[in-house]
Amino acid sequence: MELELRHLRIICSIADCGSLTRAAASLRLTQPGLSAQLTRIERVLGGELFSRAQSGVVPTAFGEEVLSRARAVLPTVDDLLEVSALAARTGGSPHRFRLGSVNAPLLGGLITAIRSRHPAAEITRGQGCPVPLVEDIAGGRLEAAVVGDSPGYELLLPPGVAGEPIATEPLFVALPAAHPLGALEEVALEDLEDEDWAAPRPDNDRIREYWSRTLLVLGRRLRVVHEVEGRLVLDLVRSGHAVAFCQATFEEVPGIVVRPIVGNPLWYRHVLVWHGEGPLASLGPSLVRTVTEAYWTAAARSTVYRSWLERQGATAPATGTAAC
């Protein structure tokens, strides 16, 4: 017997279900039939993939190695099959756009801009960090992405990658809802120095370096206790274990209040990038226009940011520069 894709799917299904009985039901096989197939697969691979017990099955160390590779292979194969099927249905190569985004409220606007020109386009999306996303565009693995950078630490766009700033906004601070500082209209940095902070790990986008350098110039230092990102940051803030910087367009959620920082010491710039010779190259201006509209729609939804803009007397987007 030779190893086939269906065998990899069987292995993954058993691991996901945690038992041969449940996996057999999901695969519409009998339990004895699935057990026999697993035995044959293990014989081909040369080792036991799962430890059997009354409560179910658990991957062995060898099984974990096989599973990690199977889970890396199957999505690529599935993607290939989907593209091939779509091409067969449409009688040719469909428009297909691969997009990426950092954690920002702009991806919906980018998709809207593409759909307006290519209603039947197939669009796949992913999330990542700014530098890898730009590298993926340069390498032809993405057509466009929403990224971001900081003043003095602007992204360097390699040859073949075009980019346009969408807007520059101040960083605010996210606090637990019951935090005493939440009663203030704006929070001073010196009042935050004794707090436990949650922040992303330092990486090649250099955002943490920008924060540290800016605050050092101001004679301030923050104590980062939790190096996390995404939803974990929100969970820590909501539970009262940390405070964190957030984009001004971040919408308050239950358990969290957002406040501007006195003096607006830190800024974040949203940037749209795309492949300069790719299928979206001719749409550059319309992409920028629609994504900018999406940004200001998000700004209008954020009560705190909207109030801050009114206090600054801002009547137009701060595109490309940190000035309002």
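Throughout, numbering of the chain's residues begins at 1 and tracks the sequence. All values below come from the heavy atoms of this structure, side chains included, with hydrogens, waters and symmetry mates left out.
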Checklist entry - So does Arg9 pair up with Glu4, basic N to acidic O under 4.0 Å? => result no
Next on the checklist: Strictly distance-based, threshold 3.5 Å: is any side-chain N or O of Asp196 a donor or acceptor partner for the main-chain N or O of Ala242?
Outcome noted: no
Checklist entry - Ile11, Val44: one ILVMFWY side-chain cluster at the under-4.5 Å cut-off? => result yes
Checklist entry - Would you say Thr60's side chain and Glu48's backbone share a donor-acceptor pair under 3.5 angstrom? => result yes
Checklist entry - CG of Leu287 to OG of Ser116: how many Å apart, nearest 0.5 Å? => result 8.0 Å
Checklist entry - Glu195 and His179: side-chain donor and acceptor closer than 3.5 Å? => result yes
Next on the checklist: Using a 3.5 Å distance criterion without hydrogens, assess whether the side chain of Glu252 forms a donor-acceptor pair with backbone atoms of Val258.
Outcome noted: yes
Checklist entry - Under the side chain to side chain contact (heavy atoms under 4.5 Å, CB included) criterion, do Leu181 and Leu192 qualify, and how do the steps go? => result CA-CA 9 Å; Leu181 294 176; Leu192 296 166; 3.7 Å; yes
Next on the checklist: Just by distance, no angles: are the side chains of Tyr305 and Glu251 close enough, under 3.5 Å, to form a donor-acceptor pair?
Outcome noted: no
Next on the checklist: Could you check whether Glu65 pairs with Arg69 (Lys NZ or Arg NE/NH1/NH2 to Asp/Glu carboxylate O, under 4.0 Å)?
Outcome noted: yes
Item to check | Leu175 to Gly182 - nearest heavy-atom pair and separation | outcome: CD1-N, 3.9 Å
Item to check | Carboxylate-amine/guanidinium contact Glu227 Arg208, below 4.0 Å | outcome: yes
Next on the checklist: Test side chain to side chain contact (heavy atoms under 4.5 Å, CB included) on Phe50 and Phe62; report intermediate values, then the result.
Outcome noted: CA-CA 9 Å; Phe50 298 94; Phe62 175 60; over 6 Å; no
Next on the checklist: Does atom CZ (Arg117) have a neighbourhood of more than 12 heavy atoms from anything else shown, all under 6.0 Å?
Outcome noted: no
Checklist outcome for this item: Smallest heavy-atom separation, Leu189 atom then Leu218 atom, equals CD1-CD1, 3.9 Å
Item to check | ILVMFWY network linking Tyr153 to Val271, side-chain heavy atoms under 4.5 angstrom | outcome: yes
Item to check | Heavy-atom check, side chain of Val187 versus side chain of Val262, under 4.5 Å | outcome: no
Checklist outcome for this item: So CG of Leu34 and OG of Ser13: to nearest 0.5 Å the spacing works out to 7.5 Å
Checklist entry - Counting N and O atoms only, with roles assigned by atom type, does the side chain of Arg22 sit under 3.5 Å from a partner on the main chain of Cys17, one being a donor and the other an acceptor? => result yes
Checklist entry - Quick one: does Ile10's side chain get under 4.5 Å of Leu38's, heavy atoms only? => result no
Item to check | Atom CZ of Arg213: over 12 foreign heavy atoms under 6.0 Å | outcome: no
Next on the checklist: Counting C-beta onward and ignoring hydrogens, is there a side-chain heavy-atom pair between Leu5 and Leu8 closer than 4.5 Å?
Outcome noted: yes
Item to check | Path from Val73 to Leu3 over hydrophobic side-chain contacts below 4.5 Å | outcome: yes
Item to check | Distance (rounded to the nearest 0.5 Å) between Leu29 CG and Ser35 OG | outcome: 11.5 Å
Item to check | Cluster overlap Leu45 with Val58, hydrophobic side-chain contacts below 4.5 Å | outcome: no
Checklist entry - Side chains of Tyr268 and Ile207: closer than 4.5 Å at any heavy-atom pair? => result yes
Checklist entry - Do Cys12 and Arg71 pass the side chain to side chain contact (heavy atoms under 4.5 Å, CB included) test, and can you show the C-alpha distance, the side-chain angles, and the key distance before you say yes or no? => result CA-CA 7 Å; Cys12 291; Arg71 286 170 171 152; 3.8 Å; yes
Next on the checklist: Within the 4.5 Å heavy-atom criterion, are Ile137 and Glu143 side-chain neighbours or not?
Outcome noted: no
Checklist entry - Are the side chain of Gln31 and the backbone N or O of Ala24 linked by a donor-acceptor pair below 3.5 Å? => result no
Next on the checklist: On a heavy-atom basis, which atom in Arg223 and which in Asp194 lie closest, and how many Å separate them?
Outcome noted: NH2-O, 2.7 Å
Next on the checklist: Using every non-hydrogen atom in the two residues, find where Pro176 and Val243 come nearest and quote the distance to one decimal.
Outcome noted: CD-CG1, 4.1 Å
Next on the checklist: If only side-chain N and O atoms count, and only distance matters, is there a donor-acceptor pair under 3.5 Å linking Thr112 with Thr290?
Outcome noted: no
Item to check | Electrostatic pair Arg311:Glu186 at N-O distance under 4.0 angstrom | outcome: yes
Item to check | Exercise: identify the closest heavy-atom pair between Gly100 and Leu133 | outcome: CA-CD2, 3.9 Å
Checklist entry - CZ of Arg306 to OG1 of Thr249: how many Å apart, nearest 0.5 Å? => result 13.0 Å
Item to check | ring pair (Phe, Tyr, Trp, His ring centres under 6.0 Å) pairs, two or more places apart, involving residues 104-135 | outcome: His95-His118, Phe97-His118
Checklist entry - Are Asp191 and Arg259 ion-paired here, with the side-chain N under 4.0 Å from a carboxylate O? => result no
Checklist entry - Run the side chain to side chain contact (heavy atoms under 4.5 Å, CB included) check on Leu272 and Val147 step by step: do they pass? => result CA-CA 6 Å; Leu272 178 64; Val147 298; over 6 Å; no
Item to check | Check: Val57 main-chain N/O paired with Arg52 side-chain donor or acceptor under 3.5 Å | outcome: no
Checklist entry - So, do His7 and Arg40 sit near enough that their side-chain heavy atoms are less than 4.5 Å apart? => result no
Checklist entry - If you draw a 6.0 Å radius around CD in Glu277, do more than 12 non-hydrogen atoms from other residues or ligands fall strictly inside? => result no
Checklist entry - Taking Thr214 for the side chain and Trp211 for the main chain, is one N or O donor matched with an acceptor at less than 3.5 Å? => result no
Item to check | Side chains of Val253 and Arg238 in contact at under 4.5 Å (non-hydrogen atoms) | outcome: yes
Next on the checklist: Given 3.5 Å as the limit, does a donor-acceptor pair link the side chain of Gln247 with the main chain of Asn103, or not?
Outcome noted: yes
Item to check | Least distance between heavy atoms, Val304 atom then Pro260 atom | outcome: CG1-CD, 3.8 Å
Item to check | Glu293 CD to Ile166 CD1 distance, which is reported to the nearest 0.5 Å | outcome: 10.5 Å
Item to check | Donor-acceptor pair, side chain of Arg141 and main chain of Glu135, under 3.5 angstrom | outcome: yes
Item to check | From CZ (Arg220) to OG (Ser212), nearest 0.5 Å | outcome: 15.0 Å
Item to check | Heavy-atom donor-acceptor pair, Arg269 side chain to Pro151 backbone, under 3.5 Å | outcome: no
Item to check | Any side-chain heavy-atom pair of Ser302 and Phe250 under 4.5 Å | outcome: no
Next on the checklist: Which residues pass the side chain to side chain donor-acceptor pair (under 3.5 Å) test with Glu190, not counting sequence neighbours?
Outcome noted: none
Checklist entry - Parallel under 30°, tilted from 30 to 60°, perpendicular over 60°: which one fits the rings of Trp197 and Phe245? => result tilted
